[in-house]
Amino acid sequence: MAELLKGKEAAAAIRARTQAAVQELKQHGITPQLAILRVGENESDISYEKGASKRCADAGIEVKYVTLPRETEQEEFDGILQSLNEDESVHGILMFRPLPKRLDSEKARKMIAFEKDIDGCTDASLTGIFINKPQGFAPCTAQAAIEILDYYGIEIKGKNIVVVGRSLVVGKPLAMMLLNRNATVTICHTRTVDLPSVTRKADIVIAAVGQPEMLGKEYFSEGQTVIDVGISWNEKKGKLCGDVLFEEVEPIVRYITPVPGGVGSVTSTVLADHVAQAAKRQYEKNNVPAAE
Ligand code: NAP
């Protein structure tokens, strides 16, 4: 039987760190603020927005909601995003993507000021990860997966880690972040030949494919650590599930994250922490001691 890597416990440790940073900022008269920019009424966006708002409130961070109708024109959208970039009371911007088709998601992604890019979507943030010189922030989900490994003391350095999935939101940045921590990383995708033979050899398998319960027992071997990033609604079972077939895999491996209650429960806590860090960086930048 595997030991469960519970997101709640890892999240509590991050939250304590965030609360301390927020308290310090408040002593300087600064209340960190996150702007949540949502276009339309997508249910999963609304659900994430609720979770992020709760995590921010827990940490003493304010939230400004900018909710626009699906019919919003590009020019108006650009103006609103630009004004959030320029608003000094806003320290982080969370923009839900993809935007409705009439708006240019790529343009919007690139427009966010990297200092406020708390979900690591701009080219500047991603470049920082790629060249291992952080600027902006890492994507929250990718960082949440690493936070769980760190919280439970699971070594990354020198380990063979297989990341299944290569999206720009999760798989690719996560693989680079693990490489930066000196793991030996293999990235798998839909064209990988004989995926089970690759995942079975890993010390750590991270699943970010978005295919409910795709990875059954044939993908795993004894002693492994499994981080399941996937979150899907399983129609047949009427419940949330991950990319890993938990009932089959949990009896085999050493550690596994549950879904729900694993990576997903850490992601919005990481987001709140990024807002506090962004506010701190912006405060420090504006208060550089004058040279003699
Ligand atoms: P995505 O953009 O759809 O990317 C999925 C990746 O998985 C692609 O690289 C794809 O390969 C690969 N893939 C799909 N089917 C595969 C298969 N049968 N065999 C091997 N590789 C396969 O998804 P995403 O945005 O990265 O999200 C992945 C999962 O994470 C989703 O379930 C999503 O809901 C979840 N998620 C969770 C959180 C959280 O907080 N926990 C946050 C964001 C996303 P190709 O590149 O070859 O197509």
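One-based numbering, in listed order, for ligands and for the atoms of each.
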Check each atom of ligand 1 against the heavy atoms of [X] and keep those under 4.0 Å away; list them by number with element.
X    : result
G264 : 40 (O), 41 (N)
V229 : 30 (O), 35 (C), 36 (N), 37 (C), 41 (N)
M214 : 17 (C), 18 (N), 19 (N)
V170 : 26 (O)
A208 : 5 (C), 6 (C), 7 (O), 28 (C)

* Asked: Of all the heavy atoms in I231, does at least one lie under 4.0 Å from an atom in ligand 1?
  ->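 I231: in contact with ligand 1 (<4.0 Å).
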* Close approach of G171 to ligand 1, heavy atoms, under 4.0 angstrom ->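 No, G171 has no heavy atom closer than 4.0 Å to ligand 1.
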* **Test item: side-chain donor near acceptor, D78 and Q82, under 3.5 Å** =>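 Side chains of D78 and Q82: no pair found under 3.5 Å.
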* Asked: S53 and Y65: side-chain donor and acceptor closer than 3.5 Å?
  ->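 Yes, because at least one side-chain N or O of S53 sits under 3.5 Å from a partner of the opposite role on Y65.
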Within a reach of under 6.0 Å around [atom1] of [X], are more than 12 heavy atoms found that belong to other residues, nucleotides or ligands?
X    : atom1 : answer
K50  : NZ    : no
F130 : CZ    : no
R70  : CZ    : no
E86  : CD    : yes
E75  : CD    : no

For [atom], which protein heavy atom lies nearest, and how many Å away is it?
atom                    : answer
atom 31 (C) of ligand 1 : G210 CA, 3.4 Å
atom 14 (C) of ligand 1 : V209 O, 3.7 Å
atom 39 (C) of ligand 1 : T141 CG2, 3.6 Å

Hey, looking at [atom], which of [options] has the closest heavy atom?
atom                    : options                : value
atom 23 (O) of ligand 1 : S44, S167, C140, S265  : S167
atom 20 (C) of ligand 1 : R166, H189, K172       : H189
atom 16 (C) of ligand 1 : T190, D228, L168, I187 : T190

* With sequence neighbours excluded, residues passing salt bridge (Lys or Arg N to Asp or Glu O under 4.0 Å) with E3 -> R254
* Which bit of T267 gets closer than 4.0 Å to ligand 1, counting heavy atoms only: side chain, backbone, both or neither? -> side chain
* Asked: Between Q282 (side chain) and A278 (backbone), is there a donor-acceptor pair under 3.5 Å?
  ->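 Checking the backbone N and O of A278 against the side chain of Q282, a donor-acceptor pair under 3.5 Å is found.
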